[in-house]
2 protein chains.
Amino acid sequence: MNHYETLKQGLAKKETILLTAKCSIEYNGRAQSYLPSGDRIILIKPDGTLLIHQITGSVPVNYMKERTEFQIFHKEGIIALQAKHPTQKEYMDVEISEIHSIQCLKLEDSSKLQLAGNEKDMSDFIFSNPETIEKGLKALSREEHTDFGFVDVLCKDMKGNLVVVECKRYTADYKAVSQLQRYVDKIKEAKGISNVRGIMASPTISDATKKILEESGFKHVVLEPPKRLERAKKEQKKLLEF
Amino acid sequence: MNHYETLKQGLAKKETILLTAKCSIEYNGRAQSYLPSGDRIILIKPDGTLLIHQITGSVPVNYMKERTEFQIFHKEGIIALQAKHPTQKEYMDVEISEIHSIQCLKLEDSSKLQLAGNEKDMSDFIFSNPETIEKGLKALSREEHTDFGFVDVLCKDMKGNLVVVECKRYTADYKAVSQLQRYVDKIKEAKGISNVRGIMASPTISDATKKILEESGFKHVVLEPPKRLERAKKEQKKLLEF
DNA sequence: GGGGAGAGATGCCGC
DNA sequence: GCGGCATTTCTCCCC
């Protein structure tokens, strides 16, 4: 069976298709793009996801989301792969001049990624240990979705003031200050009170951002994100295993 | 040559490696994750990029950036692929229980993506056609980088006021208003003037955001992002071709 | 489906 | 390197 037929059948059977080929690519949709001819890695998934990678970098150079529909044609040694997304009004044309390799596979996987160490873990920590932010601080609620937005941790300080704590895993920037400002303003408005404070908790903050933060009447508290697991010991262990 | 040797040589030669395998994955770095056993698509690029995909979705379930270093071991039918990023202090362990397919290839590609229809094109359009934003508007500068960020388009209106135009390809949100506010404030401060206006140009804006925008003394102008190319005719043409 | 916010965001550019 | 910001951002969650 030639490459064209293999690809055609793989698409028809909705298999996972791994293709390396020399091709040029045209995309039209939310933007427009053109990529001149070169060797690419093309991955088509059973759910209709299309990913095209160049030989460097971690981001696909062109892609189409799940539920993409495919059609192929061939003429004089050229294979045209047309991808069309019915709802998103997006289109891609891949003109393949040479297939280097092709594989169609039926794969099985029902596992889900378990991830830890994100911002939610950070707000959980603050909720459980508010004293690490400020002496006498009491946590009231966590990730509260309200009319006025989504507050990481809402607290009350020693003097009875409401305190909005916004946490960031990385360097707090201008945007984080705007966010905090908006929450504080909205809470003041919603509750008709004026004594609402704001605290930014993050491992670092740039000087310019800290200046704006303090001009807005807020303060910064240094808080490290959840610790990275130590690798050194594990590496030792693995090396011994093999 | 067995799969293990093929993989080992592909890594040594820094080839593009396409691998489908049943595996479990552990990651430690900026966060921590674990993915139980299942069939996955594994792509290793010559630059040291590692991408692991599940059979659905467009985002890799696990990944390592370029310049990752690899080591492999095997024992009793299990292959352990260890990935380590020297500068980022990130680590990944892929424990492979079965390789379904493997390919190592030398690919060539020197092309770069040409993309149109992004926000820069939108600000270019405004710079060249300021009258579409407001009658009598004159463009002064485009993408001006300042200490506090960069202003999409800086203009002067009929009355001689400076006007900051911020454009968004999609629905303008709270963050965009904060951005505009910051630019206007900083320009007022830097130039020691008070008559600086702000205009948000975007295809749509939510009611809540528009309210905040107008409360801040700014206005919204509807501006469509650069038009999508019409596909209908092209599709006809392609169908006729084959 | 829209709105709001995080992401192991990534990538680009400028300083 | 950091900072600021767009992205064909993507994804999740909630209303």
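Just so it is clear: chains get the letters A, B, ... in the order the sequence lines come, proteins before strands, and each one is counted from 1.
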- prompt: Do the non-hydrogen side-chain atoms of B:Ser202 and B:Leu223 ever get within less than 4.5 Å of each other?
  reply: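 Side-chain contact under 4.5 Å: no.
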Rounded to whole Å, how long is the line connecting atom [atom1] of [X] with atom [atom2] of [N]?
| X | N | atom1 | atom2 | value |
| --- | --- | --- | --- | --- |
| A:Asp173 | D:dA6 | CG | P | 12 Å |
| B:Leu213 | C:dG3 | CG | P | 15 Å |
| A:Asp207 | D:dG3 | CG | P | 8 Å |
| A:Leu51 | D:dC10 | CG | C1' | 12 Å |
| A:Gln181 | C:dG4 | CD | P | 17 Å |
| A:Glu166 | C:dA5 | CD | P | 9 Å |
| B:Asp93 | C:dG8 | CG | P | 19 Å |
| B:Glu119 | D:dT9 | CD | P | 10 Å |

task: Please measure how far the C1' atom in D:dA6 lies from the corresponding atom in C:dA7, and state the result in whole Å.
output: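 Going atom to atom, C1' in each nucleotide, I get 15 Å.
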message: Distance check, P atoms only: D:dT8 and C:dG4, in whole angstrom units.
response: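 Looking at atom P only, D:dT8 and C:dG4 are 22 Å apart.
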Taking 4.0 angstrom as the limit, do [X] and [Y] come out as a salt bridge?
| X | Y | answer |
| --- | --- | --- |
| A:Lys168 | A:Glu166 | yes |
| B:Arg30 | B:Glu90 | yes |
| A:Asp47 | A:Arg67 | no |

- prompt: Are the side chain of B:Asp39 and the backbone of A:Glu108 linked by a donor-acceptor contact shorter than 3.5 Å?
  reply: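 Present.
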Can you find a side chain N or O atom of [X] that sits less than 4.0 Å from OP1 or OP2 on [N]?
| X | N | answer |
| --- | --- | --- |
| B:Lys168 | D:dA6 | yes |
| B:Gln179 | D:dG4 | no |
| B:Tyr174 | C:dG3 | no |

- request: State the pairing partner of D:dC2; accept Watson-Crick or G-U wobble contacts with both distances under 3.5 Å, and report none otherwise.
  value: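 Matched D:dC2 with C:dG14 under the 3.5 Å cut-off.
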query: If you find the nucleotide of DNA chain C closest to B:Thr171 and the one closest to A:Lys120, which residue's nucleotide is nearer the 5' end?
result: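 The answer here is B:Thr171.
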message: On DNA chain D, compare the nucleotides closest to A:Thr209 and A:Ser33; which residue's is nearer the 5' end?
response: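 The residue mapped nearer the 5' terminus is A:Thr209.
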query: Which residue, B:Leu115 or B:Tyr183, contacts DNA chain D at a nucleotide closer to its 5' end, judged by nearest heavy atom?
result: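 Mapping each residue to its closest nucleotide by heavy atoms, the 5'-most match is B:Tyr183.
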query: Touch check for A:Val61, heavy atoms < 4.0 angstrom, all strands: base, sugar-phosphate only, or nothing?
result: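 Result for A:Val61 = base.
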- prompt: Looking across every strand, which nucleic acid part, if any, lies under 4.0 Å from A:Tyr27 by heavy atom: base, sugar-phosphate, or nothing?
  reply: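 Base contact - A:Tyr27 has a heavy atom under 4.0 Å of at least one base atom.
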- request: Assign a letter to each nucleotide of nucleotides 9-15 of chain C from its 5' end: B, base within under 4.0 Å of a protein heavy atom; S, sugar-phosphate only; -, no contact.
  value: SSS--S-
task: Tell me, yes or no, whether the heavy-atom count around A:Lys188 atom NZ, taken from other residues, nucleotides or ligands under 6.0 Å, exceeds 12.
output: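 Above 12, so yes.
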field: Side-chain-base donor-acceptor pair under 3.5 Å for B:Glu90 and C:dG8
entry: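 Flag set: donor-acceptor pair detected.
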- prompt: Taking N and O atoms by type only, does the side chain of A:Asn62 place a donor or acceptor under 3.5 Å from a partner on the base of D:dT8?
  reply: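 Looking at the base of D:dT8, it does pair with a donor or acceptor on the side chain of A:Asn62 (distance under 3.5 Å).
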field: Inter-residue atom distance A:Cys23.SG - A:Asp93.CG, 0.5 Å rounding
entry: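 A:Cys23 SG to A:Asp93 CG: 11.5 Å, rounded to 0.5 Å.
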Smallest separation among heavy atoms of A:Glu143 and A:Ser123, with atom names: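 Minimum heavy-atom separation between A:Glu143 and A:Ser123: OE2-OG, 3.6 Å.
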